Amino acid sequence: MTSPPKTYLDLIKACDNFPYIDISRTPFAEPPNPVFYQLLLPNDPRPHGFLHPSVVAKMPWTSSFSVSAPDVRPRTVQVLDSSNGENTSGACNAAFLDLIDKAVSARTFASLTRRRPTEEFRVMGAKYPPVRMKRAAAPLFGIACRGAHMTVYTRTAEGELKIWVPRRSAHLHTYPGKLDSTIAGGVRADESPFECIVHEADEEASLPEALVRQRARPCGAITYVCTSDAGSGLEDGLMASGILYLYDMEVDHAVVPKPRDEEVQEFYLWDVQQIKEAMLRGEFKPNCASVMIDFFIRHGIMTEDNEPDYLDIITRLHRTLPVPTTPGV
């Protein structure tokens, strides 16, 4: 059993846990160093994802992909453009859809059956958007995944800050029973982070759309690169880049989040000390602990004066990702 973290920096490291190496060199590396295949889109030399060799070996590749031979460096999975430039994004989308459907039918990867089958994630940085794939497959291809998290808080008559903290349902495949951000969800390919917050607030916490649109405030983003672990519900050893867009919403005592879907077991209204103790007991989902620490920094709860790892924490909350997030040139 994993021992609980000892410091807030340990919590950040539990989320941003992929080694600080030059990830762009992993397609050239040899064991025992980390080894990955780079995912290339047509007419674009930039890697948009990194696939573990075990995934490449098991994937039922179609003629829409070219996979480098075992002795070739760099190791590469190239998406081919069957449209010859007439509709490159459409060709990529069709290639991913056909391949993933084959993998699902063959039950190649257990993780493909555990997430909402209709949701799609965007491949960030594609030169010809929108390039997308099913959400369940995104970790297998090692693309950067977008999420949106909102912390809902209130203040007592005495001015004490309290935060609404949900506990994830025990039946979830990923981090069952862990504590979470008040509102959180994966950002679908066709929506903005804010629209994700709006519908997740309704689905998870029964918060009215009008209230969220009026009071939610964007507060930046955090980034990390992680390796899949036992709680993630994914195959072992995958590399995942995460981008979490952050929002805060202050409410009065009359606003009480209530579970609406089956993902949240219950909500607690906790003060800062209760949350700190729960974090250091290891009760939070890893990336949600990072979101909460960022909230503490932005609200002056965690400062250089009271946190010895303050600057290291801030740096680790904003890791440079190994994949492009904009189309570039």
Side-chain angles (χ1 to χ4, degrees), residues 39 41 48-49 79 88-101 103-104 109 111-151 166 168-169 172-175 180-209 212-213 216 218-224 226 228 232-234 238 240-247 249 260-264 285 287-288 291 321 323-327:
L39 174 67
L41 299 180
H48 287 268
V79 186
T88 302
S89 63
C92 291
N93 295 339
F96 283 126
L97 180 61
D98 182 42
L99 175 64
I100 294 164
D101 282 349
V104 171
F109 303 101
S111 60
L112 289 180
T113 64
R114 293 174 180 162
R115 287 190 178 272
R116 300 169 185 172
T118 58
E119 285 191 4
E120 292 183 317
F121 273 0
R122 181 187 306 173
V123 179
M124 296 190 70
K127 293 168 62 176
Y128 23 75
V131 177
R132 59 184 68 193
M133 69 175 65
K134 289 186 177 180
R135 175 179 180 175
L140 297 173
F141 288 88
I143 67 169
C145 296
R146 300 185 302 159
H149 288 228
M150 183 164 71
T151 303
R168 296 167 64 83
S169 294
L172 294 179
H173 290 295
T174 59
Y175 302 104
D180 210 324
S181 301
T182 317
I183 306 297
V187 180
R188 297 191 295 246
D190 58 352
E191 70 180 354
S192 69
F194 183 66
E195 292 304 320
C196 173
I197 287 293
V198 170
H199 73 72
E200 292 289 349
D202 173 47
E203 295 168 10
E204 294 183 351
S206 307
L207 295 176
E209 176 180 342
V212 176
R213 291 192 181 278
C219 302
I222 64 173
T223 54
Y224 57 89
C226 63
S228 55
S232 66
L234 302 172
L238 306 186
S241 297
I243 303 166
L244 302 184
Y245 298 90
L246 306 181
Y247 297 81
M249 187 169 77
R260 183 170 178 179
D261 60 18
E262 297 181 349
E263 296 189 6
V264 176
K285 181 172 175 272
N287 64 357
C288 297
V291 169
L321 300 181
V323 294
T325 56
T326 58

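On a predicted model such as this, the values are computed, not experimentally measured, just so you know. In this chain, numbering begins with 1 at the start of the sequence shown. Just so you know, these numbers use all the heavy atoms, side chains as well, and skip hydrogens, waters and symmetry mates.
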> Can you list the residues that meet the side-chain contact (heavy atoms from CB on, under 4.5 Å) rule with E209, with sequence neighbours excluded?
Replying inline: V198, R213

>> Between S192 and E195 (side chain of the first, backbone of the second, donor and acceptor by atom type, cut-off under 3.5 Å), is there such a pair?
In response: yes

> For D101, what residues pass the salt bridge (charged side-chain N to carboxylate O under 4.0 Å, His left out) criterion, not counting sequence neighbours?
Replying inline: K134

> Which residues satisfy the side-chain contact (heavy atoms from CB on, under 4.5 Å) test with A221, sequence neighbours excluded?
Replying inline: Y245

>> Using 0.5 Å steps for rounding, measure from the CE atom of M133 to the SG atom of C92.
In response: 9.5 Å

>> Rounded to the nearest 0.5 Å, what separates atom CZ in R188 from atom CZ in F121?
In response: 10.0 Å

>> Would the distance check show the side chain of Y247 and the main-chain N or O of A148 forming a donor-acceptor pair, the cut-off being under 3.5 Å?
In response: no

> Looking at residues at least two apart in the chain, or sitting in another chain, which of them share a salt bridge (charged side-chain N to carboxylate O under 4.0 Å, His left out) with R122?
Replying inline: none

>> If I take atom CZ from residue R135 and atom CD from residue E120, how far apart are they, to the nearest 0.5 angstrom?
In response: 12.5 Å

>> For F96, give me all partners under ring-ring contact (aromatic ring centres under 6.0 Å, His included), at least two apart in sequence or on another chain.
In response: F65, F141

>> Among T151, I222, I197, exactly one meets side chain to side chain contact (heavy atoms under 4.5 Å, CB included) together with L246. Which residue is that?
In response: I222

> With sequence neighbours excluded, what pairs up with T88 under the side chain to side chain donor-acceptor pair (under 3.5 Å) test?
Replying inline: D81

>> Test of understanding: with side chain to side chain donor-acceptor pair (under 3.5 Å), list the residues that count as partners of Y224, not counting sequence neighbours.
In response: N287

> Would a distance-only check, ignoring hydrogens and angles, find a side-chain to backbone donor-acceptor pair under 3.5 Å from D180 to P166?
Replying inline: no

> When rounded to the nearest 0.5 angstrom, what distance separates CG in L244 from CZ in R146?
Replying inline: 12.0 Å

> For A126, which residues count as a side-chain contact (heavy atoms from CB on, under 4.5 Å) partner, sequence neighbours excluded?
Replying inline: L41, V131

> Quick one: are P130 and D190 in side-chain contact, heavy atoms under 4.5 Å?
Replying inline: no

>> Going by the rule side-chain contact (heavy atoms from CB on, under 4.5 Å), which residues pair with R260 if we only count those two or more places apart in sequence or in a different chain?
In response: D202, S206

